[in-house]
2 protein chains.
Amino acid sequence: MKISRSEDLRLDCQHCPVRHRAICAASDDEEFDKLNAMKFYKSIPAGQAVVLRGEKLDVVASIVSGVATLSKTTVDGRMQITGMLLPSDFIGRPGRDSCEHDISAVTDLTLCCFRRRPFEDLIERASSIRKRLLDITFDELDAARNWMLLLGCLTAREKIVSFLMLVVRRSVLPEDADQPVQIDLPLSREAMASYLGLTIETVSRQMSRLRKDGLIELETARRVIIPDTSRLEAELENAD
Amino acid sequence: MKISRSEDLRLDCQHCPVRHRAICAASDDEEFDKLNAMKFYKSIPAGQAVVLRGEKLDVVASIVSGVATLSKTTVDGRMQITGMLLPSDFIGRPGRDSCEHDISAVTDLTLCCFRRRPFEDLIERASSIRKRLLDITFDELDAARNWMLLLGCLTAREKIVSFLMLVVRRSVLPEDADQPVQIDLPLSREAMASYLGLTIETVSRQMSRLRKDGLIELETARRVIIPDTSRLEAELENAD
DNA sequence: GCGCTGCCTTGATCCATGTCAAGACGAACC
DNA sequence: GGTTCGTCTTGACATGGATCAAGGCAGCGC
């Protein structure tokens, strides 16, 4: 990471928006205080790289706010986004000092960082943090495998619908999901294409088709209204 | 798991073929003895399911011998193999009693099993096993993300070459890799197709094309000779 | 206003891969 | 030997999504 410590951010963990979902979620008071003492914030502007593949990385971090992408690139420049990182998601790998993929900030990003070595020492002693990390990692593995099903088996339309439902799940409270729902897409058409294993044109066309079919409304290209989420989800009933 | 304990298997951990790669690889003598005392073997015949999605699973296990696949299936029956499990690979998830995907035995399988609860207790105390588990899980996550690049970006030919090279890496010693290499494909054409996000016909055609191009020889459908691995790998130089 | 620039949409066409269909091959068995 | 069965290969054709190309539209600086 090339960015310097952010001085203008003085969030208190108690009021942290990701307090109950991030790596610290299950900590007791003592462990929580230790994390609190170790943490420091970093801000990364939209568009900038957080880490590049193979680059040295001696921090781990949770996303406090903003959106980032994980991606891999072929030698000749084809790119696959392998993950969309939203608030509470975890970055970095204890026990390894370099990174296997590119991470870049899609929007302005606030990270809650820990230097890797002290963090490794802490998880040796703090069992709830350690368990939480293992659990988060297994969850990511399950998510990655589900995405493999999407990439390998689903049609373009199904991919788009899956993506929209993913955003709904991450940004709308379950109890609000039976009314018309408005979402802001965290990714550009280009990034969506790369995440879904499609081209930008196909993404655009399928969005238009869903609009013509009355399943979504496009307030702007990025702002989507879903009149009936269950009807949209029903598009997947032949799939996952 | 519906299978009963296998009585005819009395392997000693000291001579276990996966001793230095599996979950026990980094254990000191004391931890090793505890694992040794807890373990029991199971045999599963080729073609049988090890676990089905959603099924209760209160063991974790390492593969001692044989090949298994991890897979997910859409409601209407499209299947994606999300992982190929080879000797030393780990099955199960500490902290959760059910499984998110189907696991099935491709060949006859020998598993080294641990009941989940005692295993969970053990990793709380045995730091080397715990670290190894975290490391294995992160490795699987990296592998899954690499596979996403394959599924999303590569051409059929590149997918096949990647798969062949994967098998070479897992079954041939690096120092033998500059001579002609013979490999036995662990998967049928159908399973390869499902793993690579292709159809069986496309797999077959691309294998034939690689043969016509002199990059591989097919002794039988399953037995492949690669006269020059570097030439085969060069097929990927535009890709990963 | 004007002309950028970046992002998105739409249309026309192409092609890699899927689909459908027919055999080929080998193993197991009688 | 012949038959059957499962797996693999090959061919002919269809099509979903890629590619190529043009244009729309909003934001921004001048």
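Throughout, a chain's letter reflects where its sequence line sits, starting with A, and its residues are numbered from 1.
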Strictly under 3.5 Å: I want the nitrogen or oxygen pairs between protein and nucleotides 26-28 of chain C, one per line.
none

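- To the nearest 0.5 Å, atom CG of residue A/L151 and atom CE of residue B/M148 are 5.5 Å apart.
- Evaluation of the salt bridge (charged side-chain N to carboxylate O under 4.0 Å, His left out) rule for B/R222 yields no partner, not counting sequence neighbours.
- A/E190 contributes no side-chain N or O that forms a donor-acceptor pair with the base of C/dC7 under 3.5 Å.
- Remark: A/R231 pairs with A/L215, A/D228 by the side-chain contact (heavy atoms from CB on, under 4.5 Å) rule, at least two apart or across chains.
- Remark: P of C/dC8 and CG of A/L218 are 11 Å apart, rounded to the nearest angstrom.
- Taking a 4.0 Å limit (strictly below) on heavy-atom distances, residues 205-217 of chain B reaches DNA chain C at B/R205.
- Using a cut-off of 4.0 Å between Lys/Arg side-chain N and Asp/Glu carboxylate O, A/D139 and B/R93 are scored as salt-bridged.
- In this structure B/T69 satisfies the side-chain contact (heavy atoms from CB on, under 4.5 Å) test together with B/I81, B/S104, B/V106, B/L187, sequence neighbours excluded.
- Taking the screw axis at each terminus of the helix from C/dG1-D/dC30 to C/dC30-D/dG1 from five consecutive base pairs, the angle between the two is 30° to within rounding of 10 degrees.
- Residue pairs meeting the side-chain hydrogen bond (donor to acceptor under 3.5 Å, both in side chains) criterion with at least one partner in residues 169-194 of chain A, sequence neighbours excluded, are A/D184-A/R223.
- At C/dC8, one or more side-chain N or O atoms of A/R222 fall inside 4.0 Å of OP1 or OP2 (strictly under the cut-off).
- For DNA chain D, the contact window with chain B, defined by any atom under 4.0 Å from a protein heavy atom, covers D/dC8 to D/dA12 in 5' to 3' order.
- For the side-chain contact (heavy atoms from CB on, under 4.5 Å) with A/V172, the lone residue among A/V167, A/I183, A/T229 that qualifies is A/I183.
- In terms of the side chain to side chain donor-acceptor pair (under 3.5 Å) criterion, residue partners of B/S65 (sequence neighbours excluded) are, by chain and number, B/T110.
- Between the CG atom in A/L150 and the CG atom in A/L196 there is a gap of 6.0 Å [rounded to 0.5 Å].
- Candidate nucleotides C/dC20, C/dG18, C/dC8 were compared by shortest atom distance to the side chain of B/T199, and C/dG18 ranks first.
- Residue pairs meeting the side-chain hydrogen bond (donor to acceptor under 3.5 Å, both in side chains) criterion with at least one member in residues 202-216 of chain B, sequence neighbours excluded, are B/R157-B/D213, B/T199-B/T202.
- Here B/E140 pairs with A/R145 under the salt bridge (charged side-chain N to carboxylate O under 4.0 Å, His left out) rule; sequence neighbours left out.
- Atom CZ in A/R223 sits roughly 15 Å away from atom P in C/dC8 (whole-Å rounding).
- By the ring pair (Phe, Tyr, Trp, His ring centres under 6.0 Å) test, B/F114 pairs with B/F119, sequence neighbours left out.
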